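Report on one structure; see the data block that follows.
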Amino acid sequence: MINLFDTAISRTAPIGQSQEQTIGIYVCGSTVYGPPHIGHGRFALVYDILWRYLEYLGYQVSFVSNVTDLDDKIIDRAKSEGRSWKSVALQYEEQWWHDMELLNVRRPHHTPHATDYIDQMIELISKLEEAGYAYRLDDGVYMQVDKVPSYGLLAHQDLATLRSGARIAVDAAKNSPLDFALWKAAKPGEPSWDSPFGKGRPGWHTECVVMANSLLGKDFLLHGGGLDLCFPHHENERAQAAALGMDFAEHWMHNGLVEVGGQKMSKSLGNYTTLEDICQRHDPSAYRLLVLQSSYRSPLEVTPELMEDGEKALARIYSLDRRLSDIATSVDSVDSDLSLDRANIEEVKNDFQKYMNDDLNTPSAMALLFVSLRQANNLLDANNLAEGYNLGKFVIDMFYMLGIKSYVAEVEISDELQILLRERNEARDNRDFVKADVLREKIKSLGYSIEDSASGAKLRAL
RNA sequence: GGCGGCGUGGCCGAGUGGCUUAGGCAAGGGCCUGCAAAGCCCUGUACCCCAGUUCGAUUCUGGGCGCCGCCUCCA
């Protein structure tokens, strides 16, 4: 059983008390209007990690994350680039999945598109109107939030306080500045659908309610998203569900934001780095490790220096992995031993789960894994193969379980490399180290480093 | 202005009323090696400021200072 911080009650609460129950998770996904940046990458990683861990614990998970393919920003971009909003959405959705693959973020079980749920959204808005929670203005249908008794649950503020702070930008006709658009009346040149409220398109807050309910049922376990969605987006989702008597999400989870120089990374501030960019410059797993080494609820700075730190730490993981593979393939005689001696792993395993279950304390879990990694190397150094192998295997398994990509170097040894390597070995046998070093440099210039060991020289891709 | 959060060693970042230490990266020393690489061992530098509670606070309480998020599209 895992404890997670619940934004609705401002403290941690257990989830998944019954193994029988499928854990339904809905995470507000991407609005596909531009290239995703590392802030988007963080939420994707956080929930990917949660999902992987829940499965590791043996839970049945149904993971849903939407694609908002209809939105003001998509339409704006399409206008300014003189093309259709659909082509904009399509292009950036493609980019989104491409970048997710780079990050080793698994595709959710369901990735509903807003445009596929227009009818159901219309239905929901009609119900809200019938129940007296919505009212019409010239430019659309609005949700009257003060009719929802629990409104403000996620904001943790009085309606009155909120109202005083809200900027009333455009619509003085609204009953309250907090009221939000359920349906936006059609404007010339914009996509629109027929509805009982006239031609138009649904507001942003409605899609998640409809898609979550269609795919996960009227109540589900966990709703997640970036901290900046907590209010008003999630509050407004809740309001619609609550108005119609649905339980909706039992638990609300929000991840901290990526910051740049202490400021939130966002498209509007222009201080963003795209995911593609960072994945090209660095091992994408380094970003995942960075996310794992910090608390998911805290702000996170992502600098090139930190990415490099992460890459160096990854090198130790990969190195142990290679070491274990060599043992597994070369030492047949201890094969039977390798499966023994698992008892001492249990304690590490328990500690690992203890940290992970404590509101996903991944930094402590990482610390434990790195300590164990060192111990495993130590044991192997002492030629304690079975114990070292088992501990090391556990460490590697956990890193990979959390989505750090497997990396067992499969060096494609070309004929040229083969010859160079053989010549160097001969030179070393002849104690002609000058020649050996020249050859090592040559091999290095081809992109491979050499690690000499008792079992011979090994090549490693740089 | 309202609400929420944060301030830890060179950098990032956990955690705890005292017990020997988080961890990653960097730095210094060592082992191994022909030299390297990889790995391992050892080392240092902390808990924003002030008051209070306490035998004892980095950890609890109050105040101050600084920073951030939300209240408006936003992962």
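Keep in mind the model is a prediction, meaning the values are calculated, not measured. Below, chain A is the first sequence line, B the second, and so on; all start at residue 1.
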In Watson-Crick or G-U wobble terms, both distances under 3.5 Å, what is the partner of [N]?
{"N": "B:G44", "result": "none"}
{"N": "B:C67", "result": "B:G5"}
{"N": "B:U21", "result": "none"}
{"N": "B:U16", "result": "none"}
{"N": "B:G39", "result": "B:C31"}

State whether [X] places a side-chain N or O below 4.0 Å from either non-bridging phosphate oxygen (OP1 or OP2) of [N].
{"X": "A:Arg374", "N": "B:G23", "value": "no"}
{"X": "A:Lys264", "N": "B:A75", "value": "no"}
{"X": "A:Arg460", "N": "B:A37", "value": "no"}
{"X": "A:Ser298", "N": "B:A14", "value": "yes"}
{"X": "A:Asn255", "N": "B:A75", "value": "no"}
{"X": "A:Asn378", "N": "B:C41", "value": "yes"}

Can you tell me how far [atom2] of [N] sits from [atom1] of [X], to the nearest Å?
{"X": "A:Phe231", "N": "B:G69", "atom1": "CZ", "atom2": "P", "answer": "18 Å"}
{"X": "A:His156", "N": "B:C3", "atom1": "NE2", "atom2": "P", "answer": "13 Å"}
{"X": "A:Glu301", "N": "B:C68", "atom1": "CD", "atom2": "C1'", "answer": "11 Å"}

Okay, side chain of A:Thr68, backbone of A:Thr31: is any donor-acceptor separation there less than 3.5 Å? no
Could you tell me whether a side-chain N or O of A:Arg288 sits under 3.5 Å from a main-chain N or O of A:Leu103, the two making a donor and an acceptor?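 Indeed, once roles are kept as given, a pair shorter than 3.5 Å links the two residues.
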Hey, are A:Arg323 and A:Asp381 close enough for a salt bridge, meaning a charged N less than 4.0 Å from a carboxylate O?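 A:Asp381 and A:Arg323: salt-bridged.
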Examine A:Phe63 together with A:Tyr26 and report whether their ring centres are nearer than 6.0 Å. no
Is A:Phe433 stacked on the base of B:G34, with ring centres under 5.5 Å apart and planes under 30° apart?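 Taking the rule of under 5.5 Å and under 30°, the ring of A:Phe433 does stack on B:G34.
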Should the pair A:Trp204 and A:His233 be assigned to parallel (<30°), tilted (30 to 60°) or perpendicular (>60°) ring geometry?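 The rings of A:Trp204 and A:His233 lie parallel, inter-plane angle below 30°.
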